[in-house]
Amino acid sequence: MGAATGHADTSVGQGELIRAVDRALTEHGRALLTGPAGAGKTEVVRAVAAAAGSRRETVLRLAPEAADQWIPEASAAALLASVPCAALERLSGPQRTAIALLRREADAPRAGRDHVALRLAVVEVLRTLAARHPVLLVLDNAQWLDAESTDLLRFALRLTPPRVRVLVAECVQGGTSVGEPLCGTGTPAIRVPPLGADEVAELLVRHGLPARLAGRIHQASGGNPRLALALGHSLAEAAGSRDGGAHHADVLPVSGQAREVARRLLAEAPAQARRTLLLAALATRPTTALLRRAGRPDAEAELAEAERAALVRVGEDGTVEFTAGALPTALAADAGWPERAAGHAALAAAVDDPVQAVRHRALAVDTPDQWLAAEITEAAAVCRRRGQRALAAELGLLAAERTPSHLAGEELARLVTAAEDAGWAGRADLARLATRAVLARDASPADRVRARLAVIDAAGQAIGTLDETFAYAMDEAAGDPSLQAAVQLRIATKHNLSDGDPVRSRDAAARAGALAALGGDQVAQAMALTVRARMGRILGDPGAEAILAEALALPAPEVPLGMRNAPQYLAVRHALFDDRLDDARNQLMVLLPAVQRTGSAEDVFEVLRSITEVELRSGRCKAASARARRALELTIEAGLSPGPAWYVAAMAEVMGGSFARAAGYARRGIQASQEEHDQVFLSRSLHALGLVELATGEASKAVATLRRVAELEAAQQVVDPSILRWHGELAEALVAADAPEEAGRLIDSVRTVARGLGRTGVVAALDRARGLCLSAQGEADEAVRLLEATAQRFELLGLPLERGRTLLALARVERRRRRRAPARAALLAAAGVFERAGAAPWAELAREPAPGEAAGRPEVAAMAALTEAETRLALLVSQGASNQEAAAKLFLSVKTVESRLTRIYQKLDVRSRAQLATALARSHGNAPA
């Protein structure tokens, strides 16, 4: 008797849940924990029991298994077997006999036992234990209690004293709860919520699985921890067995342990409901009306049962959505071919979309049919016009499968087109499936190259793993300049994204442009010029704008092959870098509907990312957060590489949401980008994390994180400081870490470049850091003048959040020189800026101290003037460390310690170590009364 088999560590994200259970037990003495199998109930139960044990409570834990429900009194026997013998000494003779029979003679006939004595014995045992210490009785997997044990416990728990608390965890099966009658009416019922996508990421990392899979595994698992881990292991194993390593957009394999977990979840619905669920699983957009038309007249009632089992959600309009994407896959996989064929045939007659009708008719048969294949091909073309590229790819593969063998040319054309549709949609699984079929046939070099390029296009940020695909594509493109140009364009992307080498990227783009000109392909020429212009901007080439103008002058592609390589999109990015935010936003609003029509999820994401960045810099945090959420949702839905989406979410949170959530998103972005060898978004996510650390006062961490950004940017030969503006933040972090000299050197070197390139916004950010640097070096008047001027410049540039941050810096400087009225005025101005922008975490930073916090305690305000490094030294010295000892512990010279101590004494207005210790004690509320 123990915990259920197949247990996995599912403790991620359950801190608040554990606290809720503790509150319920404290206030009511009873708590009922519910949730589907694998939701993490056992981990919560263990944590609560461990906490009770640490408080010296007596913990009785019972966890029956599925087979135990058929053995009369099995659970009661297990519970009593765990009771200390001392607790049995006070029992009467009949009670001891009843327990002995149950504990040692389980095979004795039940008819010969004294059941009244047994019930009274259990009550007495619990009372005896409670008289010594509080008791926590934990019943895990209560749904598997046998009926006799359930009756016995229900009787006993009605008569137990308040010092016996009860926690019951169960999966409610068939709408029947065991825990509710055990605990009594009014017992708080706490449902284990599903994990969020970031919590799934943390769970995967904890188990050595790639965090970049988190979004898709979250969608497929519905946030069920056990199913998420099973899917993660299945996908990692499947990816590891393929050539070229793991890619991001595969269909999740619901096999092995994952299928078993899905089956256990599905088993909670009655058989009739599962037949309706199968039909819903086969439909693309199931509704109750569709299911009724397809032959399930009781669909509402059956779906209601499935909804109670947490398998589906039924909307007010009748839409049916599975709570976990793996459930419909498991349902379809477990059904036999005749059942699936009958379901598709019924749906073909019931759907009102001609495209879906064709799809279901094709899936209802498994024999080649020339006319059906033609119908499917036309349906795929309709999807392409609608922008439904993933569905077009699926239909293209289906059309090829239904094409008779004597039409080999048509079959090959359908496969190549399906591969290209999959490339547009970012569906690496479909692209590889179609490409393998193309390569297995007598395809021309051109068709083989087109198929391979589709695999490259679908790889997203993981393009660096496809060296072999690139090599074959180059070989097969030989002799065709246009095809060679197409391959070189992808190589240019790889050099920048994965290799972090803009020089090689620029050179590959130049080769692509020459080849495109030779082949007469002006669209490819424009794209090659665009890549050259982008790399030129990165490398600080003043001629980059002229190259972009040349690209814009060429005929614009009706549907750009990848938004990143479209000249009109790079023009938007340059407007953003130059702080021409209105221009950027206007152009993005034109591009957004255009890219949505193309069906390229990656292109839509690119535009949403840029809109988010524009809205943030414009001080519209609410609008930016909405765009960032949509970008993240799109990434998960389409199976795109998650690193960029985590970065966008982090930046939206750091400005308009929560510093804690921003840090979580940034760490997920760092993990995913490292896994996919994406150097560009690795540095961006690190920048987001460094900004959080700087804002929350963790100066040393911010310095370390932002130095990693500096190293990555140096390795990538980035010269233009307007692209990723980390320089001012690193300088501010260095000042806060008591390294103003190093900050000054950084500011001077970057300022020279920024002024030479005309990057006024960057210069202003550097001036904010310069103001803090001057303050730290004792030049407060000059610091104030510079910060006031910088705040005005940011206002003229239309960068409200940067202005607010500058006002915060000004308040800090004024506070350090004890000018309370100007400090308060700067804080109020900053708060107003942040509130108007919806920048909640920054508005909180600008909040004035409440009465009694610092205003009534000058020593607290004085301590706030110390830098992090000064605070560490002050604490060491106040604890009795000599200058030499402090120098050794802080890895400083004695001279540095002496000069730093002088500054500390001046800031705190003290003259001795004793006065310093007193000031520190008062600042922490430890001063004597």
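Heads up: numbering here begins at 1 and tracks the sequence. Keep in mind that this is a model prediction, so the values were computed, not measured.
Taking a cutoff of 4.0 Å between a charged side-chain nitrogen and a carboxylate oxygen, Arg805 and Glu729 qualify as a salt bridge.
Interatomic distance, Ile611 CD1 to Gln587 CD, rounded to the nearest 0.5 Å: 12.0 Å. Going from atom OG of Ser673 over to atom CZ of Arg668 covers 12.0 Å, rounded to the nearest 0.5 Å. The distance from atom CG of Leu712 to atom CZ of Arg684, rounded to the nearest 0.5 Å, is 11.0 Å.
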Criterion side-chain contact (heavy atoms from CB on, under 4.5 Å) on Glu732 and Leu694, from CA distance to verdict
CA-CA 8 Å; Glu732 289 185 39; Leu694 177 62; 4.0 Å; yes
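Of all non-hydrogen atoms in Phe659 and Val692, the two that sit nearest each other are O-CG1, 3.6 Å. Heavy atoms only, all atoms of each residue included: Glu835 and Ala843 are closest at CG-CB, 4.1 Å.
Between the side chain of Ser641 and the main chain of Gly643, no donor-acceptor pair closer than 3.5 Å is present. When atom types are taken as modelled, the side chain of Ser775 and the backbone of Gly771 share no donor-acceptor pair closer than 3.5 angstrom. Distance alone, capped at 3.5 Å, places no donor-acceptor pair between the Arg770 side chain and the Ala765 backbone. Side-chain atoms of Arg725 come within 3.5 Å of backbone N or O of Phe577 as a donor-acceptor pair. Under the 3.5 Å distance criterion, the side-chain polar atoms of Arg617 are left unmatched by any main-chain donor or acceptor of Val614. A donor-acceptor distance shorter than 3.5 angstrom exists from the side chain of Ser498 to the backbone of Gly464, with no hydrogens or angles considered. Here the side chain of His727 pairs no donor or acceptor atom with the backbone of Leu746 at under 3.5 angstrom. Proximity of a side-chain donor or acceptor of Ser610 to a complementary backbone N or O of Val607 within less than 3.5 Å is not detected.
Using a 30° and 60° split on the angle between ring planes, Phe834 and Trp842 fall in the tilted class, from 30° to 60°.
One side chain, Ser722 or Arg537, offers a donor N or O that lies under 3.5 Å from an acceptor on the other. Checking Thr705 against Glu693 by side-chain atom types alone, a donor-acceptor pair falls below 3.5 Å.
The side-chain hydrogen bond (donor to acceptor under 3.5 Å, both in side chains) test with Glu615 singles out one residue from Arg585, Lys622, Arg627, and that residue is Arg585.
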